[in-house]
Amino acid sequence: MEPQELQEYRYRAVREVLEVSPIGEAAARYGTSRQPLHSRRRRFEQEGMAGPRDRPRRPRTSPSRTSADIEALVCRLRRQHPRWGARRIRFEMTKGGAAPVPSRATVHRVLVRNGMVTPAMPSPPTECRLAPTSWIPSRTSPVRRARPPGSGVRAAALGRPLRKLVAL
């Protein structure tokens, strides 16, 4: 359904609720639940035709976002010292007395956001790193024991004569 058609569809549902229909019946008829229809009706009453329209889910503000001056300091340090990573930049900011020192992960995110870090190559899948089949013993190879039975420390403690270990 096109966005314009969807908006008209929602508008018709809201108008039907405002005129005569109970909200449960209108919701069932238009294939929605009661809660979104209630909120669209309320927004229609407050805002008019723009009310039933979809709203962006993105927040208007991000109060915990890193401030612009801290972000600029991180970028400046990286430009001055291209080999420094997030850990070293954070250390230098702490040593320099920057007021709110961000975490190492935050410094890394700032570097990524500003295109100052090249992402590492992803490691190959686990199947590619298996040992070659020549290293895997075959099923027909004999099973070797660490030592023959009766030749350990327990046998000596019990007074039995120790057997001589034979290399296989």
Side-chain angles (χ1 to χ4, degrees), residues 1-18 23-141 143-144 146:
M1 193 178 281
E2 295 291 321
Q4 185 67 27
E5 292 174 13
L6 184 63
Q7 186 177 352
E8 290 174 10
Y9 191 71
R10 289 176 178 164
Y11 173 72
R12 277 187 267 136
V14 168
R15 291 301 302 174
E16 187 174 321
V17 168
L18 288 173
I23 198 152
E25 291 176 13
R29 202 171 9 262
Y30 284 94
T32 185
S33 62
R34 292 175 20 197
Q35 178 59 38
L37 200 51
H38 266 299
S39 57
R40 287 190 187 109
R41 178 184 56 90
R42 185 177 57 252
R43 287 194 324 228
F44 178 78
E45 289 170 347
Q46 293 171 354
E47 303 171 20
M49 279 295 287
R53 189 176 304 152
D54 278 338
R55 303 233 168 135
R57 294 177 182 264
R58 180 178 166 220
R60 290 189 187 111
T61 61
S62 299
S64 62
R65 184 180 170 123
T66 307
S67 64
D69 55 337
I70 295 293
E71 197 160 330
L73 177 62
V74 168
C75 293
R76 191 182 74 225
L77 285 171
R78 177 62 179 218
R79 273 190 227 98
Q80 289 173 354
H81 306 279
R83 295 185 55 101
W84 285 4
R87 188 183 309 163
R88 177 66 186 264
I89 291 173
R90 183 184 187 285
F91 171 75
E92 293 295 330
M93 288 175 72
T94 306
K95 197 167 76 171
V101 178
S103 70
R104 181 202 51 82
T106 302
V107 172
H108 180 73
R109 279 194 301 271
V110 167
L111 294 173
V112 168
R113 187 168 43 237
N114 289 287
M116 301 181 121
V117 174
T118 55
M121 292 294 294
S123 60
T126 310
E127 298 85 39
C128 297
R129 291 186 272 151
L130 292 177
T133 55
S134 62
W135 295 356
I136 300 172
S138 66
R139 289 184 178 188
T140 58
S141 65
V143 176
R144 298 180 181 171

- Query: Any side-chain heavy-atom pair from Ile89 and Leu111 closer than 4.5 angstrom?
  - Reply: yes
- To the nearest 0.5 Å, tell me how far Arg104 CZ sits from Arg88 CZ. 16.0 Å
- Are the side chain of Arg90 and the backbone N or O of Pro102 linked by a donor-acceptor pair below 3.5 Å? yes
- Any chance you could measure Arg79, atom CZ, to Met116, atom CE, to the nearest 0.5 Å? 4.0 Å
- Query: So do the side chains of Arg87 and His108 get within less than 4.5 Å of each other, counting heavy atoms only?
  - Reply: no
- Return the minimal non-hydrogen interatomic distance between Arg29 and Tyr9, and the atom names on each side. O-OH, 4.3 Å
- Determine the minimum heavy-atom distance between Cys75 and Asn114, stating which atoms define it. SG-ND2, 3.4 Å
- Message: Looking only at the side chains, is there a donor atom on one of Arg109 and Thr106 sitting less than 3.5 Å from an acceptor on the other?
- Response: yes
- Task: Calculate, to the nearest 0.5 Å, the distance between atoms CD and CD belonging to Gln80 and Glu92 respectively.
- Result: 10.5 Å
- Query: Do the non-hydrogen side-chain atoms of Arg15 and Leu18 ever get within less than 4.5 Å of each other?
  - Reply: yes
- Task: Heavy atoms only: give me the nearest Arg65-Glu71 pair and the separation to one decimal.
- Result: NH2-OE1, 4.2 Å
- Message: If I take atom CG from residue Leu77 and atom CE from residue Met93, how far apart are they, to the nearest 0.5 angstrom?
- Response: 7.0 Å
- Under 4.5 Å between any side-chain heavy atoms of Tyr30 and Leu37, yes or no? no
- Item | SB check Arg12 Glu16 (cutoff 4.0 Å) | no
- Message: Quick test of your reading of the model: are Glu45 and Arg41 salt-bridged, counting only N-O distances below 4.0 Å?
- Response: yes
